Amino acid sequence: MPELPEVEIRRQYLETSSLNQPIAHIEVEDRKLLTTDYNTLLTTLVGRQFTGTRRVGKNLFVLTDAPDVIVHMHFGMTGDLEYYHASLDRPRFARIVFEFSNGFNLGFLCPRKFERVGLIDSIDAFLERKKIAPDGLDISVNELSERIRRKKAFIKPVLLDQSVVAGLGNWIVDEVLFQARVHPEQRADTLTNEQLTALHDATRLVLETAIRHEATYRDFPNSFLIHVREWDDSPYDDVEAHKFCPRCRTRIERSTVGGRTTFFCPKEQNIPV
DNA sequence: TCTCTTGTTCAAAA
DNA sequence: ATTTTGAACAAGAG
C-alpha cells in the first residue's frame, strides 16, 4: 500500500496526532527494523518532541525539537501508523512504539518487517545519499522528461525507479501509464514529447486523486484501472466488470514487466511505430 | 498447502 | 564503467 499517497496520509495522521508530546520511551520488538542503534535512538529521542513532518516520495521525515535530529520512516510494503492510548492493547504488528509522557502511544505497524525507522541529521543529505529524485507532485514536466529520456529500459521500471521520480509504486505506475495511454514496455528513450507530457499530467492526476480519496481504492473514479486489481474487490463490486477497460471495454491484460505484475489495456496502450 | 504481494537493495549480467 | 535485471528479504493474506 504505502506509495506516495498512502505515505502522505500517514504524514497527515502523524502531524495531527503526535506532535508536541515529550517522548518517554520507545519500545522496539525487532531491532532489524531500525537503521540506527537502539540505544542511540533512545538516548537521542527520550525527552524530545516531534515538531513537524515532511515527505519526499515514499519517505516520511519527522522533525524534532533537537537541532539536526530527524526521524526517518519508510513503510515498506505494508507499514502503517496507529495512535492509541497506552491503556489499550498494543495494536497488532506495532513492533515499534513511541510512548509519550501524556499516556498516548504512536505505534509503527510492521506486519512484514520490510519497514524501517532511523535517525538522520539532514534531509537533504539523506535524499542525496539515497539518490531520491524530486517528488512526483513537485517534479516539472521538463525535469521528468529529461530523466526519462536518459533511460533505455521499459518505461514501467523507469517510473518505478525512485531516482527518476519519487513516490510511484507498482499500482500507480500502471494507473499513470493507463491514463497516459502508454504501453508499459515502450522503451523510455523512445517516448515522444506528447507522451512525456501525458505521463506528467497523468502522474499529477493519479497522485492527487489518490490523496483526495485518502488512498481508499474503491472510492476512486470508475475511469481508473485500479479496479481490475483483485484486492480492490468488495462485496458491492461487480468483479467481472472490472476486468475490462473502463474506456473501451477491451479485456485488461495481465503480464509481468520488470519483474512486477502489470495490468494494461492492450488496445489503447500502444507503442508508436 | 501454496502462491502472491503495494518496496528496496545488491550482486550478477549485459 | 554503467545500466539493467532478478533474486532475496519476511511474513501475512487468500
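Nothing here was measured: the structure is a model prediction, and the numbers come from that model. Numbers restart at 1 for each chain; the letters A, B, ... are given by sequence-line order, proteins then strands.
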- prompt: Does the separation of the ring centres of A:F264 and A:H183 fall below 6.0 angstrom?
  reply: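 Close enough - the centres of the two rings lie under 6.0 Å apart.
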message: Suppose we call two aromatic rings close when their centres sit under 6.0 Å apart. Are A:Y13 and A:Y83 close by that rule?
response: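 No - the distance between ring centres of A:Y13 and A:Y83 does not fall below the 6.0 Å cut-off.
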query: For A:F178, is the NZ or CZ atom of A:R247 found under 6.0 angstrom from the centre of its six-membered ring and inside 45 degrees of the ring axis?
result: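 Cation-pi check for A:R247 and A:F178: passes.
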Expressed as a whole number of angstroms, how long is the span from [X]:[atom1] to [N]:[atom2]?
X: A:F154; N: B:dA14; atom1: CZ; atom2: P; value: 15 Å
X: A:F263; N: B:dC4; atom1: CZ; atom2: C1'; value: 11 Å
X: A:D174; N: B:dT5; atom1: CG; atom2: C1'; value: 14 Å
X: A:R10; N: B:dG7; atom1: CZ; atom2: P; value: 12 Å
X: A:N170; N: B:dT5; atom1: CG; atom2: P; value: 8 Å
X: A:R254; N: B:dC4; atom1: CZ; atom2: C1'; value: 8 Å
X: A:R129; N: B:dC10; atom1: CZ; atom2: P; value: 11 Å
X: A:D161; N: B:dT9; atom1: CG; atom2: P; value: 11 Å

Which part of the nucleic acid does [X] contact within heavy-atom distance under 4.0 Å: base, sugar-phosphate only, or nothing?
X: A:K130; answer: sugar-phosphate
X: A:R150; answer: nothing
X: A:G259; answer: nothing
X: A:F75; answer: nothing

Are any of [X]'s side-chain N or O atoms less than 4.0 Å away from OP1 or OP2 of [N]?
X: A:H74; N: B:dG7; value: no
X: A:T261; N: B:dT5; value: yes
X: A:Q162; N: B:dG7; value: no

- prompt: When you list every nucleotide of DNA chain C with an atom under 4.0 Å from a heavy atom of chain A, which one comes first 5' to 3', and which comes last?
  reply: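 Under 4.0 Å from chain A, the extent on DNA chain C is C:dT4 to C:dA13.
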field: A:N193 and A:R149 side chains, donor-acceptor separation under 3.5 Å
entry: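 There is such a pair between these side chains.
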query: Any idea how A:F61 and A:F126 line up, ring-wise: parallel (<30°), tilted (30 to 60°), or perpendicular (>60°)?
result: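 Answer is perpendicular, since the angle exceeds 60°.
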query: How are the rings of A:H74 and A:H72 set relative to one another: parallel (under 30°), tilted (30 to 60°) or perpendicular (over 60°)?
result: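 It falls in the tilted class, 30° to 60°.
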field: Bracket string, DNA chain C, 5' to 3' - pairs by Watson-Crick or G-U geometry under 3.5 Å, | interstrand
entry: .||||||||.||||
task: Using the P atom as the reference point in each nucleotide, state the distance between C:dA7 and B:dT3 in Å, no decimals.
output: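 Nearest-Å result for C:dA7 against B:dT3 at atom P: 15 Å.
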field: Span that lies between the P atom of B:dA11 and that of C:dA10, in whole angstrom
entry: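 Those two atoms are separated by 16 Å.
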query: A:F98 pairs by ring pair (Phe, Tyr, Trp, His ring centres under 6.0 Å) with which of A:F108, A:F104, A:F50, A:Y84?
result: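 Single pass found, and it is A:F50.
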query: Just how far is it from atom OG1 of A:T44 to atom CG of A:N39, taken to the nearest 0.5 Å?
result: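 Taking OG1 in A:T44 and CG in A:N39, the distance rounds to 10.0 Å.
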- prompt: Can you name the side chain to side chain contact (heavy atoms under 4.5 Å, CB included) partners of A:T36, sequence neighbours left out?
  reply: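 Checked A:T36 against side chain to side chain contact (heavy atoms under 4.5 Å, CB included); matches are A:T40, A:L119.
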query: With the 4.5 Å side-chain cut-off for hydrophobic clustering, are A:L19 and A:V117 part of the same group?
result: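 Yes, one cluster joins them.
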message: Taking atom types as they are modelled, would you say the side chain of A:R112 forms a donor-acceptor pair with the base of B:dT5 within the 3.5 Å cutoff?
response: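 Counting by modelled atom types and ignoring angles, a donor-acceptor contact under 3.5 Å is found here.
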